[in-house]
Protein chains: 2
Amino acid sequence: MSAAPREGSSTGRGRRPVRPSGDDRELAILATAERLLSERSLAAISVDDLARGAGISRPTFYFYFSSKDAVLLSLLDRVVAEADTAMREVFGAPAASAREGWQRAIAAYYETFRVHRALTVAWAEARSSNAEVRALWSSVFERWVQQCADAIEGERARGAAPPGLPARDLAIALTSMNERVLYATFTGDGPSVAEADVVDVLLGVWLSAVYGAVDGV
Amino acid sequence: MSAAPREGSSTGRGRRPVRPSGDDRELAILATAERLLSERSLAAISVDDLARGAGISRPTFYFYFSSKDAVLLSLLDRVVAEADTAMREVFGAPAASAREGWQRAIAAYYETFRVHRALTVAWAEARSSNAEVRALWSSVFERWVQQCADAIEGERARGAAPPGLPARDLAIALTSMNERVLYATFTGDGPSVAEADVVDVLLGVWLSAVYGAVDGV
DNA sequence: CGAACGAGTCAACACGGTGTCGAGTTACGC
DNA sequence: GCGTAACTCGACACCGTGTTGACTCGTTCG
């Protein structure tokens, strides 16, 4: 119940026994999951729905995945890979101005999640109920925070940004903001920033937090 | 299933029929819920746990509350009332300096949730699964955003803060940041700001976002 | 060829949770 | 002492999860 019973095979997530071959079924399950997630919440999707959608019975589903959450994790692994690629590109090619660099990073982050918005929302939902999802998120988040903190320190070192809050704390706060603001924008529940403005708004806060020195207030 | 069957009585949340008298039971359920929430997640608490904890049977529980979520909502109503009081005090008595004003607002926000951290965490958890919780949160959040946006516009009007992003968008972004950062700090999952530093970090970002003009980056 | 093996499949089951119904029991006013 | 309304709970219907064991294939190898 607490610890997830993952199998020993090297592929890790997914299949129960050992080797591949019913790949189509597995793919069908993943596709069904992504499709259903764009219609309703994860909690409202049963294993039976996924199985039927993939043209198999419920017990057969368990041959491919150990639970509904394992399907989500599988889907998430892919998005994480995409997001990492996007981040690497952004941080790889340096920009014309600092503003543009940050702008590109935030836009990339936004874009990655926008493309998979159903997954993004399900992710947030599952995070509170599943330890593995939480762990995956933590590791992704940690990587971003680290990269941002390094970037902030870089800007301070070259004299472009003034000293201020510890770079890591600042990076955590700003990355958290991005996450929460984008989530609200995607779901549209409660007060949220319009999708067209969200990158600009986030960028504005990032720039003032990183470059704006405020002392005499 | 989708719409929650709330009763017609004026008190709204809680009791099923009409008048009070088994108040002790009701209180016992609420107390049990708050106690159990400090030990485990909402999802891991069953109606049976709440009933047993209050010394009644499961069906009897349903005499007092229409579901587990209704109990949470009841608890939340109280915290919201507290938070509103705290906010009113903060925004009521004007501070020595602008910095101190914002500092007090953020600290009040922090303090309210810190005191009820188990509830705060459960709240975030339930928000993704329950429409009523989501609606309650939205209304609370909207009030804060409104108040912050007004404060920001006030500062701009008196010339203390430079013009910049639309005040409402800025307020949404910053309030969202507070929410997410505090949540992470309270749960301690993933990268988070230390509890002792969190108010300072948030304050720093708020001040630079509201007062720091950043143009030439 | 045919036995045997393993991947893939599913009906049937055990379990645990939710919410309801109806038959009680108690307490209090009349 | 009796009616009635608050309150209580055993038993039930329902749904979702995850498991078991028996079955069907296709392949491979003696």
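Below, all heavy atoms of this structure are taken into account, side chains as well, without hydrogens, waters or symmetry copies.
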Q.
Looking at B/Y64, I'd like to know whether one of its side-chain N or O atoms comes within less than 4.0 Å of OP1 or OP2 on D/dT8.
A. yes
How long is the line joining [atom1] of [X] and [atom2] of [N], in whole Å?
X     : N      : atom1 : atom2 : value
A/F65 : D/dT17 : CZ    : P     : 15 Å
A/Y62 : D/dG18 : OH    : P     : 4 Å
A/F63 : D/dT20 : CZ    : P     : 15 Å
A/D69 : D/dG16 : CG    : C1'   : 14 Å
A/L42 : D/dG16 : CG    : P     : 14 Å
B/R25 : C/dA27 : CZ    : P     : 11 Å

Q) Going by atom types only, do A/D77 and A/S74 share a side-chain donor-acceptor pair under 3.5 Å? A) no
Answer yes or no: is there an ion pair linking [X] with [Y], defined by an N-O contact shorter than 4.0 Å?
X      : Y      : result
B/K68  : B/D48  : no
A/E82  : A/R78  : no
A/R127 : A/E179 : yes
A/D49  : A/R58  : no

Q) Hey, mind stepping through A/Q146 and A/D150 against side chain to side chain contact (heavy atoms under 4.5 Å, CB included) and telling me if it holds? A) CA-CA 6 Å; A/Q146 194 54 53; A/D150 289 348; 3.3 Å; yes
Tabulate protein N/O versus nucleotide N/O from nucleotides 21-26 of chain D, keeping only pairs under 3.5 Å, one per line.
none

Q: Can you sort out which residues in residues 45-58 of chain B have a heavy atom within less than 4.0 Å of DNA chain D? Ascending by number, please.
A: B/I56, B/S57
Q: May I have all residue pairs that pass salt bridge (charged side-chain N to carboxylate O under 4.0 Å, His left out) and include part of residues 192-208 of chain B, sequence neighbours excluded?
A: B/R117-B/E195
(Q) Show, in sequence, the C-alpha distance, side-chain angles and deciding distance for A/V71 and A/V47, and conclude whether the side chain to side chain contact (heavy atoms under 4.5 Å, CB included) test is met. (A) CA-CA 10 Å; A/V71 177; A/V47 170; over 6 Å; no
Q) Where does the angle between the aromatic ring planes of A/W206 and A/W102 fall among parallel (under 30°), tilted (30 to 60°) and perpendicular (over 60°)? A) tilted
Q: From the options C/dT18, C/dA11, C/dT9, select the nucleotide whose nearest atom is closest to the side chain of A/P59.
A: C/dA11
